[in-house]
S.K.: 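One structure, pasted below without further comment.
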Amino acid sequence: MGANILDILNNATLAQAGNSEEYQDITLDFSEIVVTKHNKYSMSELQEMATGLLIGGLQQPLVIGRVDGAYWLVSGHRRIAGIEILLSEGHEEFRNIPCRCKDMSKTEFRIALLVGNTFNRRMTDYDLMVQAQEWKEVLTQARKDGDLKLDKGERVRDYVAVVLGESAGKIGTLEAINNQATPEVKEQFQNGNMGITAAAAAATLPEEQQKEIAAQVAAGQDIKAEEIKAIAEEEKGKKKKTVEEQQREQNVSDTDTTEEEKANAAKLHVLKMLGNYYTWMNEEEKGILERILEDCKRRKREYALPMD
């Protein structure tokens with residue numbers, strides 16, 4: 001790949017750790033630090049984190065991105081959650097928090113946050129689906145901002161695959177599940193009751209069938225991916241049959257037309273053909289057509305028919 005994806009990731013990794021000369025040491029009040037909706041970190045064992053902070057103090061500063069003047073948390077989500085517990089218990093000595101801060105765009109912030117989510121924990125296929133969508137959004141924005149340049153024939157999906165260490169085919173499958181599966185199927189996929197192959201097959205079905213399969217899986221039925229694929233193939237067959245039936249109905253309606261309608265259709269066809277080939281006619285042929293036209297006008301006048 002000929003773009004600067006490695007530079008983007010390297011810079012984001014530095015941002016995660018706050019290891020850059022561009023960062024400044026500052027102290028922020030707890031209330032000034034914003035934990036955004038983009039955070040995907042595990043937030044388990046928070047009471048243990050709070051106890052550890054109370055005993056040993058805050059060993060490392062939090063990493064902050066200053067985005068549009070607001071202080072958004074890049075790294076240190078469990079620590080700040082532990083601090084919140086301590087403040088609720090009256091430990092005001094933790095209110096002023098040492099931080100490392102740098103100005104960031106929203107895109108730079110999201111990439112830095114994604115680096116932590118992607119590389120700091122083991123992910124299931126469902127996690128990969130969520131992360132792939134996040135990376136697609138942020139890299140698409142980076143491309144719009146001019147920070148990511150694609151070579152000819154490359155797609156953002158290819159870069160997402162590189163970042164996540166997966167094949168482009170698997171990323172495409174996860175994207176299809178994310179875009180087409182119902183919430184019920186996604187829930188079973190998230191819970192581990194449906195694998196990626198089964199979820200992908202279910203996502204090709206109509207919404208009601210997806211919900212039915214998800215309900216069966218939730219009830220404990222062991223529905224294999226091959227069974228779902230068979231249902232999907234049967235559904236495709238029904239759709240194909242419906243199209244063929246419509247064509248047959250159209251053919252039947254054509255044969256039911258009156259002789260007059262058929263004659264008029266034939267005349268219209270001749271007129272269309274004359275229009276297509278008029279420029280290729282010689283002067284003699286054009287003269288013949290003009291005489292025919294004049295003859296038609298004469299007969300309309302004789303029968304007192306309205307003129308166009």
Side-chain angles (χ1 to χ4, degrees), residues 9-135 137-138 163-165 186-193:
L9 294 179
N10 288 337
N11 290 337
T13 303
L14 291 173
Q16 260 286 319
N19 294 333
S20 170
E21 295 179 356
E22 299 176 11
Y23 283 83
Q24 296 178 337
D25 292 314
I26 63 173
T27 299
L28 294 174
D29 185 276
F30 171 82
S31 62
E32 295 181 274
I33 299 174
V34 178
V35 179
T36 69
K37 64 180 180 180
H38 300 296
N39 173 51
K40 304 291 182 181
Y41 283 86
S42 170
M43 299 294 283
S44 60
E45 301 179 347
L46 296 182
Q47 189 60 57
E48 289 82 352
M49 171 60 70
T51 301
L53 290 171
L54 188 60
I55 295 172
L58 186 64
Q59 300 296 317
Q60 291 180 317
L62 304 184
V63 180
I64 302 291
R66 185 162 45 217
V67 181
D68 296 333
Y71 297 100
W72 291 8
L73 183 63
V74 173
S75 179
H77 291 78
R78 292 184 67 247
R79 281 172 285 164
I80 201 169
I83 289 172
E84 184 176 13
I85 292 174
L86 293 176
L87 290 174
S88 69
E89 295 173 351
H91 298 282
E92 286 296 315
E93 65 271 24
F94 286 93
R95 180 164 295 279
N96 295 317
I97 305 171
C99 302
R100 296 269 292 160
C101 181
K102 172 192 171 184
D103 286 327
M104 295 183 182
S105 68
K106 291 180 180 179
T107 302
E108 288 173 328
F109 170 81
R110 286 195 65 187
I111 291 177
L113 196 59
L114 274 172
V115 164
N117 279 327
T118 301
F119 303 122
N120 292 342
R121 64 192 181 96
R122 187 175 180 179
M123 290 187 288
T124 64
D125 282 337
Y126 178 86
D127 294 329
L128 277 173
M129 181 186 76
V130 174
Q131 288 294 292
Q133 180 60 30
E134 292 269 346
W135 275 107
E137 289 177 6
V138 77
V163 170
L164 295 177
K186 288 181 182 178
E187 181 180 4
Q188 298 309 312
F189 184 37
Q190 180 179 15
N191 294 341
N193 298 328

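We use all heavy atoms of the structure for the numbers below, so side chains are in, but hydrogens, waters and symmetry mates are not. If you're wondering where the values come from, they're calculated on a predicted model, not measured in any experiment.
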S.K.: Which distance, rounded to the nearest 0.5 Å, do you find between the OH of Y71 and the CD1 of I97?
M.R.: 13.5 Å
S.K.: For F94 and L53, work out which heavy atoms get closest and say how close.
M.R.: CZ-O, 3.4 Å
S.K.: Of all the heavy-atom pairs spanning G65 and V74, show the shortest one and how long it is.
M.R.: N-CG2, 3.6 Å
S.K.: A side-chain contact here means heavy atoms from C-beta on lying under 4.5 Å apart; do I64 and L73 qualify?
M.R.: yes
S.K.: With the side chain counted from C-beta on, respond yes when L113 and T36 share a heavy-atom pair under 4.5 Å apart, and no when they do not.
M.R.: yes
S.K.: First locate atom CG of L164, then atom CE of M129, and finally report the distance between them rounded to the nearest 0.5 Å.
M.R.: 12.5 Å
S.K.: Hey, could you give me the CD/OH distance between E187 and Y126, rounded to the nearest 0.5 Å?
M.R.: 9.0 Å
S.K.: Among E108, E22, Q24, which one satisfies side chain to side chain donor-acceptor pair (under 3.5 Å) with K102?
M.R.: E22
S.K.: For R100 and L62, what are the C-alpha separation, side-chain angles and deciding distance, and is it a side chain to side chain contact (heavy atoms under 4.5 Å, CB included)?
M.R.: CA-CA 6 Å; R100 296 269 292 160; L62 304 184; over 6 Å; no
S.K.: Is the shortest heavy-atom distance from the side chain of C101 to the side chain of L28 under 4.5 Å?
M.R.: no
S.K.: Please report the closest heavy-atom contact between A50 and G82, naming both atoms and the distance.
M.R.: CB-O, 3.6 Å
S.K.: Please list all pairs meeting salt bridge (charged side-chain N to carboxylate O under 4.0 Å, His left out) that have one or both residues in residues 83-94, counting only residues at least two apart or in different chains.
M.R.: E92-R95
S.K.: Should L114 and I111 count as side-chain neighbours, where that means a heavy-atom distance under 4.5 Å?
M.R.: no
S.K.: Might you work through the side chain to side chain contact (heavy atoms under 4.5 Å, CB included) test for V35 and W72, ending with a clear yes or no?
M.R.: CA-CA 6 Å; V35 179; W72 291 8; over 6 Å; no
S.K.: Drop me the distance from E134's CD to D127's CG, to the nearest 0.5 angstrom.
M.R.: 11.5 Å
S.K.: For F109 and M104, work out which heavy atoms get closest and say how close.
M.R.: CA-SD, 3.8 Å
S.K.: Nearest 0.5 Å please: distance from the CG atom of D103 over to the CG atom of D68.
M.R.: 10.0 Å
S.K.: Taking all heavy atoms of C99 and all of I33, pick out the closest pair and write down the distance.
M.R.: SG-CD1, 4.1 Å
S.K.: Judged by atom type as modelled, is there a donor-acceptor pair below 3.5 Å linking the side chain of R79 to the main-chain atoms of Q60?
M.R.: yes
S.K.: Nearest 0.5 Å, please: how far is OG1 in T51 from CG in L46?
M.R.: 11.0 Å
S.K.: Would you check if the side chain of N191 reaches a backbone N or O of N193 as a donor-acceptor pair within less than 3.5 Å?
M.R.: no
